[in-house]
Amino acid sequence: MRQSQLLIPTLKEAPAGAEIASHQLMLRAGLIRQVAAGLYTWLPLGLRVIRRIEAIIREEMDRSGAQEVLMPVVQPAELWQESGRWDKMGPELARLTDRHERSFCLGPTHEEIITDLFRREVHSYRQMPCNFYQIQTKFRDEVRPRFGVMRAREFTMKDAYSFAADQASFDATYREMHDCYSRILHRMQLDFRAVVADTGNIGGANSHEFHVLAESGEDTIAYASEGGYAANLERAAAAPPPPRPAPGEAMREVATPGMATIAQVAQFLEAPVGRCLKALAIRGEDGPILAILRGDHQLNAIKAQKLPGVKQPLEFASEAEIRAATGAGPGSIGPVGAQVPVFVDREAAAVADFVCGANRDGRHWVGVNWGRDLPLDETQVRDLRNVAAGDPAPNGQGELKFLKGIEVGHIFQLGDTYSQAMGATFLDREGKASVPIMGCYGMGVTRLVAAVIEQHHDAAGLRWPEALAPFQVHLIALNYAKSESVREAADGLLAELSAAGVETLLDDRAERPGVKFADADLLGLPQRVVIGERGLKQGCVEVRAGHGTDLEQVAPAEVKARFC
RNA sequence: CGGGGCGUAGCGCAGUCUGGUAGCGCACUUGACUGGGGGUCAAGUGGUCGCAGGUUCAAAUCCUGCCGUCCCGACCA
C-alpha cells in the first residue's frame with residue numbers, strides 16, 4: 001500500500017497524559033486515537049496489528065479443537081438474573097433499557113449467554129467435550145480506565161467456554177487451553193509467565209493468569225527462584241512457618257503511652273517488629289473482625305475478603321466501630337480477651353513471647369503466648385498476608401522473587417457454578433441428567449497490542465516482531481516525487497512484492513528523507529528497503545532484513561527473493 | 001468512590017498570581033530554493049481560551065457551579 005493514501009498521523013511529541021511507552025507510541029505512530037476515557041478508535045495501522053493477533057489466536061484455538069461462534073454485545077437481564085450476577089455485579093456492568101422497558105446489559109463477559117446456548121442446544125455426552133470461542137467487543141465500565149488500550153472500557157477479547165461431561169475430560173481441556181495460550185504468546189515473541197491466580201467475580205475454584213513481563217505491569221507476580229512455582233501476589237503463599245517455639249517469658253501488661261503504630265511500639269519496647277503482632281479490624285456482617293498479623297507483614301486483601309463473615313467488598317472498620325467493639329482505639333487493640341471474631345495469620349500464630357495491644361488505650365501486653373495465655377483454634381489460623389521477596393518458596397525450592405506483569409490471559413476452572421445456577425444439563429452415558437463442568441478462557445486482544453509494544457520498542461519507536469507487524473516490508477523511496485528512476489524502481493518493487501503476497505508499505509510521500517527515516521523508525525516495520533538515486537546509480541537499493549541487522553546493497557531484481 | 005493535577009489552534013506549551021485588542025514552537029496551505037536522517041526563506045489558514053452563571057467600564061485572568069481528562073489508592077482481558 002501507499003503511505004500517501006493511508007491515514008498514519010505520526011506525532012513528533014507524545015501527547016500529554018500518555019504515561020507508559022506503549023500508550024505514547026501507539027499515539028505517536030498513529031495506531032489509535034482516543035474518543036473518550038477508555039474508548040478508542042483504531043486507525044488503519046493499529047487495526048492491522050489487531051488482525052494479525054486475531055489470526056494467530058484463531059489458528060491456535062482452532063488447532064486446540066475449539067469452535068468459533070459470535071455472541072451479542074447486548075444481553076438480556078434475565079440471563080444475568082438467573083446466574084445471580086445481575087445483583088452481584090456493581091456499576092462496572094453497564095445496564096440499559098430498550099423501548100419496551102426491558103432491561104439489558106452490555107456484555108462484560110459471556111458465561112450466561114453460552115450456558116444458555118448449551119442448555120438449549122447440547123443434550124448428550126456424545127456432543128462433549130465442547131469448547132466455544134469468540135473474538136468480540138466487551139464493555140466494562142471500569143472505575144479507572146488507564147494507560148490507553150491497556151485498560152480500556154471497550155476492548156476486544158477472545159473468550160472461550162468449555163463444557164465437559166466429567167472431571168478428567170475437563171482437566172484435559174484445561175491443560176489444552178493452557179498449552180494453547182502458551183503457544184499463542186510464544187508466537188507473538190512475548191516473554192511471559194503463567195501464574196496461579198485469584199478467580200475474582202468470575203467465580204470457580206482455580207485459575208491461571210498469563211502475564212507479559214513488563215515494568216509498567218499493574219500486577220505483581222511472585223515466583224520461586226528455583227522450580228516452577230509462580231503466582232499472582234494476590235494468591236501467592238510462602239512455605240509454612242516452622243513450629244512455634246515454647247514460651248520463654250511471662251505475660252505482663254505494660255504502659256505504651258501514645259504508641260499507635262507497630263513501629264512506635266516496637267521501638268518503645270525494644271522488641272523486634274516481627275514479634276509485635278498487629279490487629280487489623282475488618283468490617284464484618286455483625287461488627288468488626290480482627291485479623292492478626294506479624295508487625296512486619298502486610299494484610300492480603302484478597303485472602304482477607306474470603307474470611308467467613310467479612311462484609312463485601314473488604315473495608316476496614318472505622319475508629320468508632322473499633323472503639324465500640326473493643327473499648328480501645330485502633331492502635332491498642334489485640335487478640336487477648338477480644339470479644340469479636342479473631343483470625344490469625346499462620347505466621348503470627350507461629351510467634352512466641354509476642355507483643356500485642358491490650359484493648360485498653362496506651363496499654364500493650366508483652367510475653368504473650370498462644371495456647372498458654374489465650375486460646376487458638378486451628379480454624380482461626382489462615383494464610384492472610386502478602387508474601388514478601390525473600391520468603392521461602394512454597395514448593396520448598398529457593399526463595400520468592402517478584403516481577404511485574406501485564407495480565408493478557410486468564411483461564412478459569414468454573415466447575416458447575418453457571419451450569420448449576422442456570423439449569424444446564426446433558427444426558428450422560430447412563431441416560432441420567434448431569435451437570436457439565438465448565439471452564440472459561442479469556443485473552444485480551446487489544447491489550448495484547450499494548451503488551452507487545454511494552455516488550456518491543458526502542459528509543460526511536462516501535463519494533464514489531466515479524467508475526468505482528470502491520471506490514472512486513474517498508475519501502476522508503478527517497479525523493480519519490482521528483483526522481484523518475486526512484487519512482488520507477490519503487491513502484492516496481494511495490495507491485496512485485498505485493499503480487500508475491502508480501503505485505504508492503506511504500507513511503508511515496510513528498511517528504512524529505514529525514515522525515516521518512518524518522519517516521520519509519522517510529523512505525524518499526526521489521527524489513528526495510530531504501531530506494532535512492534545514489535544507490536540506483538550503482539544499480540542497487542539498500543535492504544535491511546530485520547531489526548538490528550546491517551544494511552546490504554542489493555540489486556532491485558534480487559529484492560523479492562530476500563523476502564519470499 | 002476518595003485524593004491530586006490539568007483543560008488556551010491538530011500536537012506540545014506560555015500567558016492566569018498582579019483583569020486592559022490571545023501568543024510561541026511544531027504541524028497545515030501556497031510559492032521559491034533544497035533533496036540520504038524531522039532543511040531554508042517568504043506569504044498565509046486556523047482559537048466561542050472546556051461549559052454555564054456571577055463580579056467589573058472591561059474576564060483566558062477574579063468568584064460560584066458543572067463537565068471533560070489524566071495520575072495515585074479499592075476492580076479486571
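Letters go in sequence order (proteins before strands), and every chain restarts at 1.
- Below 30°, between 30° and 60°, or above 60°: for A:Tyr174 and A:Phe170 the angle between ring planes is between 30° and 60°, a tilted geometry.
- Within 3.5 Å, no donor on the side chain of A:Arg140 pairs with an acceptor on the base of B:rC76, nor the reverse.
- For the pair A:Arg63 and A:Glu60, the salt-bridge criterion is met [side-chain N within less than 4.0 Å of a carboxylate O].
- Of all heavy-atom pairs spanning A:Asp508 and A:Tyr480, the tightest one is O-CD2, 3.4 Å.
- No close placement of the A:Tyr441 and A:His178 rings is indicated, their centers lying 6.0 Å or farther apart.
- Checked against salt bridge (charged side-chain N to carboxylate O under 4.0 Å, His left out), A:Arg512 has no partners two or more places apart in sequence or in another chain.
- Salt bridge A:Asp521/A:Arg528: present, at least one basic N to carboxylate O contact under 4.0 Å.
- In this entry the distance linking CD1 of A:Ile53 with C1' of B:rA77 reads 12 Å, nearest Å.
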Restricting both atoms to N or O, compile the protein contacts to nucleotides 3-7 of chain B shorter than 3.5 Å, with distance only.
none

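- Using a 4.0 Å heavy-atom cutoff across all strands shown, A:Gly90 reaches no nucleic acid atom at all.
- Using a 4.0 Å cut-off between charged nitrogen and carboxylate oxygen, A:Glu218 and A:Arg151 count as a salt-bridge pair.
- Ring orientation note: the planes of A:His23 and A:Tyr40 are nearly perpendicular, at an angle over 60° on the 30°/60° scale.
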Original post:
Reading nucleotides 68-74 of chain B from the 5' end, what letters show protein touch, with B for base, S for backbone sugar-phosphate only, - for no heavy atom under 4.0 Å?
Top reply: -SSBBBB
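- For B:rG15 and B:rC24, the P atoms lie 15 Å apart once the distance is rounded to whole Å.
- No side-chain heavy atom of A:Tyr161 sits less than 4.5 Å from a side-chain heavy atom of A:Thr115.
- Residue A:Glu542 contributes atom CD, which lies 8 Å from atom C1' of B:rG36 at whole-angstrom precision.
- Rounded to a whole angstrom, the distance from the P atom of B:rA60 to that of B:rU8 is 15 Å.
- Base contact: A:Asp521 has a heavy atom under 4.0 Å from a base atom.
- Using a 4.0 Å cut-off between charged side-chain N and carboxylate O, A:Glu142 and A:Arg153 make no salt bridge.
- By the 5.5 angstrom centroid cut-off and the 30-degree plane limit, A:Phe517 is classified as not stacked against the base of B:rG36.
- Using a 4.0 Å cut-off between charged nitrogen and carboxylate oxygen, A:Arg140 and A:Glu154 do not count as a salt-bridge pair.
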**OP:** Kindly indicate, with the supporting measurements, whether the criterion side chain to side chain contact (heavy atoms under 4.5 Å, CB included) is fulfilled by A:Leu523 and A:Phe471.
**Re:** CA-CA 10 Å; A:Leu523 300 193; A:Phe471 291 91; over 6 Å; no
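- Between A:Asp383 and A:Lys303, at least one side-chain N (NZ, or NE/NH1/NH2) sits under 4.0 Å from a carboxylate O, which counts as a salt bridge.
- A:Asp179 meets the salt bridge (charged side-chain N to carboxylate O under 4.0 Å, His left out) test with no other residue; sequence neighbours excluded.
- For B:rG23, the paired base is B:rC13 (Watson-Crick or G-U wobble, both distances below 3.5 Å).
- Comment: A:Glu176 engages A:Arg183 in a salt bridge, judged by a side-chain N to carboxylate O separation of less than 4.0 angstrom.
- Using Watson-Crick or G-U wobble geometry with both donor-acceptor distances under 3.5 Å, B:rC49 finds no partner in any strand shown.
- For B:rU55, there is no paired base (Watson-Crick or G-U wobble, both distances below 3.5 Å).
- Base-pair partner of B:rA42: B:rU30 (Watson-Crick or G-U wobble, both distances under 3.5 Å).
- Distance CG (A:Asp507) to P (B:rG37): 15 Å, rounded to an integer number of Å.
- Separating the CE atom of A:Met157 from the P atom of B:rC76 is a distance of 12 Å, rounded to the nearest angstrom.
- With RNA chain B read from its 5' end, the first of the two nearest nucleotides for A:Leu551 and A:Phe210 is the one closest to A:Leu551.
- B:rA9 sits 13 Å from B:rG25 when the C1' atoms are compared, rounded to a whole Å.
- Across all strands shown, B:rC1 is found opposite B:rG73 as a Watson-Crick or G-U wobble partner, with both distances under 3.5 Å.
- Rounded to whole Å, atom P of B:rC75 lies 11 Å from atom CG of A:Asp219.
- Look at A:Lys138 and A:Asp159 and you find a salt bridge, because one of the NZ, NE, NH1 or NH2 atoms lies within 4.0 Å of a carboxylate O, short of that distance.
- Scanning residues 175-185 of chain A for heavy-atom distances under 4.0 Å to RNA chain B yields an empty list.
- Residue A:Glu13 contributes atom CD, which lies 12 Å from atom P of B:rC11 at whole-angstrom precision.
- Within the 4.0 angstrom heavy-atom criterion, base atoms lie near A:Ala152.
- Of the candidates B:rG36, B:rC76, B:rC28, B:rG36 carries the atom nearest the A:Leu478 side chain, counting heavy atoms from C-beta on.
- Comparing the same atom, P, in B:rC51 and in B:rU56 gives a spacing of 23 Å after rounding to whole Å.
- Contact annotation for A:Gly532: base contact, defined as any heavy-atom pair under 4.0 Å involving a base atom.
- Base pairing annotation: B:rU61 forms no Watson-Crick or G-U wobble pair, as no partner gives both donor-acceptor distances under 3.5 Å.
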Contact list (N/O, under 3.5 angstrom) for nucleotides 38-44 of chain B vs protein:
from: B:rG38; atom 1: O2'; to: A:Lys12; atom 2: NZ; distance (Å): 3.4
from: B:rG38; atom 1: N2; to: A:Asp519; atom 2: OD1; distance (Å): 3.3
from: B:rG39; atom 1: N9; to: A:Arg512; atom 2: NE; distance (Å): 3.4
from: B:rG39; atom 1: N7; to: A:Arg512; atom 2: NE; distance (Å): 3.0
from: B:rG39; atom 1: N7; to: A:Arg512; atom 2: NH1; distance (Å): 3.4

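- Of the two residues near RNA chain B, A:Glu533 and A:Ile302, the one whose nearest nucleotide lies more 5' is A:Glu533.
- Using C1' as the reference atom, B:rC41 and B:rG5 are 42 Å apart when rounded to the nearest Å.
- Remark: the separation of the P atoms in B:rU61 and B:rU48 is 16 Å, to the nearest Å.
- Within the 6.0 Å centre-distance limit, the rings of A:His410 and A:Phe412 are counted as a close aromatic pair.
- Rounded to whole angstrom, the span from the CZ atom of A:Arg33 across to the C1' atom of B:rC11 amounts to 9 Å.
- The CG-P distance, from A:Leu233 to B:rC76, rounds to 16 Å in whole Å.
- Comparing the same atom, P, in B:rG4 and in B:rA43 gives a spacing of 49 Å after rounding to whole Å.
- Between B:rG2 and B:rU21, the distance separating the two P atoms is 41 Å to the nearest Å.
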